[in-house]
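Letters A, B, ... mirror the listed sequences (proteins, then strands); counts begin at 1.
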Amino acid sequence: SQTIHQWPATLVQPVGSPLSLECTVEGTSNPNLYWYRQAAGRGLQLLFYSVGIGQISSEVPQNLSASRPQDRQFILSSKKLLLSDSGFYLCAWRTPGLSNSPLHFGNGTRLTVT
Amino acid sequence: AQKITQTQPGMFVQEKEAVTLDCTYDTSDPSYGLFWYKQPSSGEMIFLIYQGSYDQQNATEGRYSLNFQKARKSANLVISASQLGDSAMYFCAMRDMYNFNKFYFGSGTKLNVKP
């Protein structure tokens, strides 16, 4: 069966520090991968998605970036965090090409920028 | 642009009773997919049920069913025989017709099941 791992679970970082969140998927090949952010009490905002190694689509212009160095690895990064980057970050995967394929989420990373 | 509206920020239901969580959507596309997710306090998003716009029957998955009224553009989630473990946030989402990578999420409904 497929599993998705996301770490760390929680993170407290000062403003201006770098960020690296990692996500890996097991049990499936060529998944589409996603990074979402959830502000407190809000729905999910799509940040990036990837349909293959090295292919990144950005949905929201900001100081975050994403990379996909391997088929089942997705990384969210920032060179300098802002206070507004605080939130709950969720990685997800999906089987490409199927209309009824849902997003499958990791457990999330709660980021607090101080 | 697609839009998902969940008008109930919070709801209470008595254990063992049924509850309906509302979701309306706005799209002019003929083909779309609707999804419901559960988010417990631990944070992970759990997929519950899917309804395609061309599906003739309402989707069901165990105690979850979807009351799909296409003309009214509503896709309400019905949870039968509520359990304490059903207490969570519930999100309705719609997949874009042209870009399967884009899902639009509602703001969620917090369900509290009372013993």
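A 4.5 Å side-chain heavy-atom check between F103(B) and L46(A) finds every atom pair outside the cut-off. Looking at heavy atoms from C-beta onward, Q39(B) lies in side-chain contact with F88(A) at the 4.5 angstrom threshold. For the pair N100(A) and R95(B), the minimum side-chain heavy-atom distance is 4.5 Å or more. Residues F47(B) and S101(A) are not in side-chain contact: their nearest non-hydrogen atoms beyond the backbone lie 4.5 Å or more apart.
Contacts of Y32(B) with chain A are absent, with no heavy-atom separation under 4.5 Å from either backbone or side chain. With a threshold of 4.5 angstrom between heavy atoms, D55(B) does not approach chain A through any atom at all. With a threshold of 4.5 angstrom between heavy atoms, F100(B) approaches chain A through its backbone and through its side chain.
Rounding to the nearest 0.5 Å gives a distance of 9.5 Å between CD of E44(B) and CG of L90(A). To the nearest 0.5 Å, atom CE of residue M45(B) and atom SG of residue C91(A) are 13.5 Å apart.
Contacts of residues 14-29 of chain A with chain B at a heavy-atom distance below 4.5 Å are absent; not one residue qualifies.
Contact count versus chain B (heavy atoms, under 4.5 Å) is highest, among Q45(A), Q38(A), R94(A), for R94(A).
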Between Y49(A) and N99(B), is a side-chain contact (heavy atoms from CB on, under 4.5 Å) present by the stated rule, with each step listed? CA-CA 11 Å; Y49(A) 68 89; N99(B) 186 342; 3.0 Å; yes
What pairs of donor and acceptor atoms, side-chain ones from residues 102-114 of chain A against any protein atom, are under 3.5 angstrom apart with sequence neighbours left out?
residue: T109(A); atom: OG1; partner: Q6(A); partner atom: NE2; Å: 3.4
residue: T109(A); atom: OG1; partner: P8(A); partner atom: O; Å: 2.5

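Closest non-hydrogen pair, N101(B) versus Y36(A), comes out as O-OH, 4.4 Å.
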